[in-house]
Amino acid sequence: MSIAPSTAEPAVDSIPERPRTLAEKVWDAHVVAKGENGEPDLVYIDLHLVHEVTSPQAFDGLRQAGRPVRRPDLTIATEDHNTPTLAIDRPIADLTSRTQIETLRRNAEEFGIRLHSLGDVEQGIVHVVGPQLGLTMPGITVVCGDSHTSTHGAFGAMAFGIGTSEVEHVMATQTLPLKPFKTMAITVEGELRPGVTAKDIILAVIAKIGTGGGQGYVLEYRGSAIRSLSMEGRMTICNMSIEAGARAGMVAPDETTYRYLEGRPHAPQGADWDAAVEYWQTLGTDEGAVFDAEVFLDADELEPFVTWGTNPGQGVSLSDVVPGPDAYADPNDRAAAERALEYMDLEAGTPMKDIRVDAVFMGSCTNSRIEDLRAFASIIRGRKKADHVRVMVVPGSARVRIEAEAEGIDKIVEEFGAEWRFAGCSMCLGMNPDQLAPGERCASTSNRNFEGRQGKGGRTHLVSPLVAAATAIRGTLSSPWDLENAGEETR
Amino acid sequence: MDKITTIQGIAVPFRRSNVDTDQIIPAQFLKRVTKTGFDDALFYSWRQDPDFILNQPVYQGAKVLITGPDFGTGSSREHAVWALRDFGFQAVISPRFADIFRGNSGKQGLLTGTVEEPVVERLWAELEAQPGREATVDLVAKTVTVGDLQVPFDIDDYTRWRLLEGLDDIGLTLRDEARITEFETTRESWRPRTLPVR
Ligand code: SF4
């Protein structure tokens, strides 16, 4: 089938077919008007995801200007950042949270937007909801007023976060003026050892290229290690592209993608499905296409990875020690490391595995899908958590919660001594009551370990669900490797 | 957004430099869910002082703010522009603006004109000699006039054109609406739709 971008002007004749990357193909297919003289292109948006924090002023702007939402049928809203994960049938105590949520409800009603409210089976973290409904698919453009929109790139979509004025812009026009991004290939070859996961890959990538390494780029993850990942794993990786400074991350669609999508409520059906798959198969980066930058990583050598500092780039293998500031040549990095060590209350040279935690958070749009919960449950099954550790398990959506309960994961979690909560962003950013106390240390499956992110004075170590589980058992940062040769509790 | 050609109104000689967006509107007001109604939040801390210039009756209803260099530095919050606009300001004249603030202003219909520092001094002197005087900011001629004093100001051509035409970002894009509609007719039926609910 034809996939020619429908720019209003006829294409300049006889430009030879140039090999293109995945990102370029998706971009080209969405250009409504090509920018001239360095002006941005006007890019069409296929899917607009909305939540309560970044939408109120956008709706208010529309109201003031007397503008409608152009395409309510390409827009969907959910409540996630502020929602409580306990007693969800009671009024929300915090006034700001309640106002934001009530405002979203009123706005959705007024502008005719589909909203999944607290208590609804499709409610949950916006980046879990889109894929689970089958709305996120290859070859589309997705935006949301949230930086982790990059998650949806796992399907071969071009997906990125936008600011509140851009939210208003998309609502009013279903387009955005954008300058093309540069492209970076991140090739991960080899086979992951058991116990090593997508989360470890992306933490290692960020440690390698730095939190600014991806700035201005769309990252395309490729190579055998990426191909062998499930959709959940690919979402974990694309999710954290933003932590490398990139606007978006992408993985070319393949059989894994189609299998995940087929039969989901909003996935194409019948002839549409066939036409879609035929097109999706053309999306992969062409042989000979040129990336603006390339990075390689060996999957065979990877170990479980964990952060020690206060940005996602400050990470090491779990078998390693806390690095000293001297490990950094760049004076800014050195100063940052010094500050981070002080905030994290860590001493250089301490084995990572000796670090004792107070809490474990299993959740967030990075790692709260059903497969993540299964992975976590597989380690804790039949065991008890360490006494001094508080463990919170927060499914990414109400549907994930229901699926998990059907598999008995809630029981495993409760018997382990952990808390089984309702869906939402929760302790990923602590906008609701789920927060760390000052000084508390947490192993968290989320994506940001910034100072105070999980609660004022809280200390965060980013980990995979498997490391989170093993850490909850031993009470110190641990991987499943530490459990196998050891007894249940001790070494 | 309304088209702007001239702004005429009371001008405030605002003898401050390096006014950052935290001073223009403190973070506590960012929790609100509207884009308007920030007039009470403008310069919130400073306005706690009864002697603060904007608390003086003679400056009520002012439309023009004439301020020192580096206005609007710091956090990129668009609320700073909303607060100035909601208070009634339609133009800010300064020797230098922070880039993001100036960008946000242009998009929201707040005119930001630059003049040399000595010129600001002359405008201040003129205004302070007779508090509550009006200034005329002429966007077509690019001049500020207070009494007999008339000085030119700078503004980039693109922003000036947008203000003269009254175009916000959305208005600009909607000039291409026919092409958007045209594009939509070619959108394949497999692409996602959130409605009807399945
Ligand atoms: S889970 Fe965390 S990172 Fe993801 S959308 Fe919610 S707050 Fe943002």
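Chain naming here is simple, since letters A, B, ... match the order of the sequence lines and numbering starts at 1 in each.
Note that the CG atom of A/Asp46 and the CZ atom of B/Arg187 stand 4.5 Å from one another [nearest 0.5 Å]. In this structure, CD on B/Glu188 lies 12.0 Å from CD1 on A/Ile140, to the nearest 0.5 angstrom.
A/Pro138 touches chain B through its backbone: at least one of N, CA, C or O sits under 4.5 Å from a heavy atom, while the side chain does not. Heavy atoms of B/Asp169 lying under 4.5 Å from chain A belong to its backbone as well as its side chain. Both the backbone and the side chain of B/Thr36 come within less than 4.5 Å of a heavy atom of chain A. Heavy atoms closer than 4.5 Å to chain B are found nowhere in A/Arg63, neither backbone nor side chain. Only the backbone of A/Ala267 has a heavy atom closer than 4.5 Å to any heavy atom of chain B. For chain B, the nearby parts of A/Ser165 are the backbone and the side chain; heavy atoms of each come within less than 4.5 Å. With a threshold of 4.5 angstrom between heavy atoms, A/Glu52 does not approach chain B through any atom at all.
Per-residue heavy-atom pair counts under 4.5 Å with chain B were compared for A/Arg71, A/Gln269, A/His169, and the maximum is reached by A/His169. Chain A forms the most heavy-atom pairs under 4.5 Å with one residue out of B/Leu195, B/Ile170, B/Asp168, and that residue is B/Ile170. For the options A/Gln174, A/Arg67, A/Met137, heavy-atom pairs under 4.5 Å to chain B are most numerous at A/Arg67. The most heavy-atom pairs under 4.5 Å with chain B, out of A/Leu42, A/Leu47, A/Thr164, come from A/Leu42. Among A/Leu74, A/Ile76, A/Thr103, the residue making the largest number of heavy-atom pairs under 4.5 Å with chain B is A/Leu74.
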For residues 135-146 of chain B, please give each side-chain donor-acceptor pair under 3.5 Å, one per line with the distance, not counting sequence neighbours.
{"unit_1": "B/Asp138", "atom_1": "OD1", "unit_2": "B/Val140", "atom_2": "N", "d": "2.9"}
{"unit_1": "B/Asp138", "atom_1": "OD1", "unit_2": "B/Ala141", "atom_2": "N", "d": "2.9"}
{"unit_1": "B/Thr145", "atom_1": "OG1", "unit_2": "B/Gln150", "atom_2": "NE2", "d": "3.0"}

**Asked** For B/Glu184 and A/Tyr44, what are the C-alpha separation, side-chain angles and deciding distance, and is it a side-chain hydrogen bond (donor to acceptor under 3.5 Å, both in side chains)?
**Response** CA-CA 9 Å; B/Glu184 284 174 331; A/Tyr44 198 79; 2.5 Å; yes
Q: Starting from the C-alpha separation in whole Å, work towards a yes-or-no answer on side-chain contact (heavy atoms from CB on, under 4.5 Å) for A/Val32 and B/Asp176.
A: CA-CA 9 Å; A/Val32 173; B/Asp176 267 334; 5.8 Å; no
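Using a 4.5 Å cut-off on side-chain heavy atoms (C-beta onward), B/Lys31 and A/Gln100 make no contact. In this structure, A/Asp60 and B/Val33 have side chains that are not in contact, with every pair of non-hydrogen atoms separated by 4.5 Å or more.
Under the 3.5 Å distance criterion, with hydrogens and angles disregarded, a donor-acceptor pair is assigned to the side chains of B/Thr181 and A/Arg70. Side chains of A/Gln57 and B/Thr34: a donor-acceptor N/O pair is absent below 3.5 angstrom, by distance only.
Classified by interplanar angle (parallel below 30°, tilted 30° to 60°, perpendicular above 60°), the ring pair B/Phe183/A/His30 is tilted.
Within 6.0 Å of CG in B/Asp49 there are more than 12 heavy atoms belonging to other residues, nucleotides or ligands. More than 12 heavy atoms of other residues, nucleotides or ligands lie within 6.0 Å of CD in B/Gln48, so this atom counts as buried by the packing criterion.
Taking the charged nitrogens against the carboxylate oxygens, A/Asp272 and B/Arg191 have no contact shorter than 4.0 Å, which rules out a salt bridge.
Within residues 100-117 of chain B, no residue approaches chain A closer than 4.5 Å by heavy atoms.
Checked against salt bridge (charged side-chain N to carboxylate O under 4.0 Å, His left out), A/Asp146 has no partners two or more places apart in sequence or in another chain. Take B/Arg193 and apply the salt bridge (charged side-chain N to carboxylate O under 4.0 Å, His left out) test, not counting sequence neighbours, and it matches A/Asp73.
Looking at A/Arg114, its side chain does come within 3.5 Å of a backbone N or O of B/Thr194 through a donor-acceptor pair.
When all heavy atoms are compared, the tightest approach of A/Gly61 to B/Lys35 is CA-CD, 3.7 Å.
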